[in-house]
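None of the values given here were measured: they were computed from a predicted structure.
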Amino acid sequence: MATPLVPPMALASVYTFADVDGLDRAYGATPPDFTYCRDGHPNARFLSDALTKWHGGAWGQVFPSGMAAIGAVLLPLVKAGSRVIASDQLYGKTTHLLVGELSRFGVTTTRVDTNHLPAVKAALAAAPEPAVLLVETVSNPLCRVADVPALADLVHATGAKLVVDNTFASPVLCKPLAFGADVVMESLTKIIGGHGDTMLGFLSGSDPDLGARVTATASTWGYHAAPFDCWLTARGLDTLDLRVKAAAANSVRAADWLVGKPGVLQVVFPTRPDHPDHALARRILPAGPGHVFAVELAGGRDGVNRFLRAAGADLPFAPSLGHANSTISYPDAASHRNMPVAEKLAMGITPGLIRISIGSEPFEQLAAALGKGLNGI
Ligand code: PLP
């Protein structure tokens, strides 16, 4: 039979076998043959293999969401009494998973400024059982850049594991495993999916033993990634490099374009010389820090509302990122909604701060939409 150019979609939830010996052979194969879709299916494996290769990992696994992936790497690494050291700049829900959920199982979290390496070293030294250091390559939403090689050295001196959420960068711009991270995580819902119509997450790592424990966790806790979402996301991989580079180039131009415009108080993006990680970003993300940045608008929340209403459908207010066309989010009420106000302000999430996810539309179209919004302030 001729081979299809693209992978077919395999929707079966279960596979059939001629006899018990056949089932045993399926479980015993390397990698295991498909038996039950919670344990794996062709579309998840196709997607996972492609992303694992891209990241240079020894193992990979697809999850139903980015949050599921973060949970699935933490579960096998922690136990009651363990300490997680986490960046104080993480996506709000990740912080909540650590502080609001894992704490109920006796796992404590220390949040530190991971751009201050002595503070990280001190937090690791102070922890009785440091298990994990969790950082984002480029943080949500203030684009703080993680010095992954330096953090990996500090973490490995203690026997803990470095887990890097690479969602803002994607493997096109950064491969944290090559810098010494133990595990890389991607929310595939964002620019890797890229079209605003799927929800998935992904983990890859360098240690096959940890990979086996993550896979067992995924099956036992029921982290099943739907075949259709895997199929759609795999389809998007063909254009990922193009999309990420186009959006990254648009972002540099958009950030520069916004600086000094009426209504714009600050543009927060590492390509700008006033960003605290301007130099670090060139080392960790030489092809650019990605497609997401933050802008402080005049007039606080009212100013943001006026901007959004004026921009309208030309620049949709959609609390996610990584869509093919540019979208706006509002960290104060979306990604960091449940965080105490004082913590948000300490992070730099003010009532006037919007997060822009730049797409790969023509720059003139994007600039016109941004201008329309600014005119409304
Ligand atoms: N990590 C980062 C940096 C994110 O921005 C998000 C979602 O916004 C996630 C993880 C969670 O991913 P998902 O929404 O696919 O669960």
Side-chain angles (χ1 to χ4, degrees), residues 38-39 58-114 116-136 139 146 148 151-167 176-177 180-187 201-224 336 338-340 343 347:
R38 175 160 41 73
D39 294 333
W59 59 272
Q61 172 93 27
V62 180
F63 294 86
S65 69
M67 288 313 301
I70 294 175
V73 68
L74 291 173
L75 283 170
L77 288 175
V78 299
K79 57 182 185 332
S82 306
R83 175 83 51 92
V84 175
I85 315 293
S87 158
D88 60 4
Q89 296 281 328
L90 294 175
Y91 169 54
K93 204 62 117 186
T94 307
T95 301
H96 181 70
L97 174 65
L98 297 169
V99 177
E101 295 288 326
L102 283 185
S103 54
R104 291 187 287 111
F105 302 94
V107 177
T108 52
T109 296
T110 306
R111 293 169 63 209
V112 290
D113 174 358
T114 44
H116 185 44
L117 296 177
V120 177
K121 197 172 175 182
L124 286 163
E129 279 196 58
V132 178
L133 174 65
L134 181 57
V135 296
E136 291 168 4
S139 75
V148 183
L151 292 170
D153 285 347
L154 290 180
V155 169
H156 293 152
T158 70
K161 302 280 185 195
L162 176 61
V163 176
V164 179
D165 178 340
N166 198 50
T167 300
L177 299 180
D182 298 283
V183 176
V184 60
M185 174 268 163
E186 304 275 5
S187 165
F202 173 72
L203 294 174
S204 181
S206 49
D207 172 8
D209 290 340
L210 178 58
R213 286 160 65 203
V214 167
T215 301
T217 301
S219 171
T220 311
W221 289 73
Y223 292 140
H224 166 251
H336 294 71
N338 297 315
M339 195 171 260
E343 275 184 40
M347 274 177 85

Self-check item: Set of residues satisfying ring pair (Phe, Tyr, Trp, His ring centres under 6.0 Å) with respect to His224, sequence neighbours excluded
Solution: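 Listed in chain order: His41.
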Between [atom1] of [X] and [atom2] of [Y], what distance do you get to the nearest 0.5 Å?
X      : Y      : atom1 : atom2 : result
Lys161 : Leu133 : NZ    : CG    : 13.0 Å
Met185 : Glu136 : CE    : CD    : 9.0 Å
Asp88  : Thr110 : CG    : OG1   : 11.5 Å
Leu177 : Leu162 : CG    : CG    : 9.5 Å
Leu124 : Thr158 : CG    : OG1   : 5.0 Å

Practice problem: For a side chain to side chain contact (heavy atoms under 4.5 Å, CB included) with Leu134, tell me which candidate from Thr109, Val163, Val183 qualifies. | Solution: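 Option passing the side chain to side chain contact (heavy atoms under 4.5 Å, CB included) with Leu134: Val163.
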Practice problem: Check Val84, Val107, Val132 against Leu77 for a side chain to side chain contact (heavy atoms under 4.5 Å, CB included) and give me the one that passes. | Solution: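 Result for side chain to side chain contact (heavy atoms under 4.5 Å, CB included) with Leu77: Val132.
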Quiz item: Could you walk me through whether Val214 and Tyr223 pass the side chain to side chain contact (heavy atoms under 4.5 Å, CB included) check?
Solution: CA-CA 10 Å; Val214 167; Tyr223 292 140; over 6 Å; no
Quiz item: Can you name the salt bridge (charged side-chain N to carboxylate O under 4.0 Å, His left out) partners of Arg111, sequence neighbours left out?
Solution: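 Listed in chain order: Glu343.
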Locate the shortest heavy-atom distance separating [X] from [Y]; write the atom from each residue and the value.
X      : Y      : result
Leu154 : Leu117 : CD1-O, 3.7 Å
His336 : Leu90  : NE2-O, 3.2 Å
Val78  : Ala131 : CG1-CB, 4.1 Å
Thr114 : Val135 : CG2-CG1, 3.7 Å
Ser204 : Trp59  : OG-O, 2.7 Å
Ala160 : Asp182 : O-OD2, 4.3 Å

Practice problem: Under the side chain to side chain contact (heavy atoms under 4.5 Å, CB included) rule, what do Leu97 and Leu74 come out as? Steps first, then yes or no, please. | Solution: CA-CA 10 Å; Leu97 174 65; Leu74 291 173; 4.0 Å; yes
Practice problem: Would you please test Ile70 and Tyr91 for side chain to side chain contact (heavy atoms under 4.5 Å, CB included) and show each step? | Solution: CA-CA 11 Å; Ile70 294 175; Tyr91 169 54; 5.8 Å; no
For the side chain of [X] and the backbone of [Y], is there at least one donor-acceptor N/O pair under 3.5 Å apart?
X      : Y      : value
Ser82  : Lys79  : yes
Ser187 : Thr167 : no
His156 : Ala152 : yes
Arg83  : Glu129 : no

Practice problem: Might you work through the side chain to side chain contact (heavy atoms under 4.5 Å, CB included) test for Asn338 and His96, ending with a clear yes or no? | Solution: CA-CA 8 Å; Asn338 297 315; His96 181 70; 5.7 Å; no
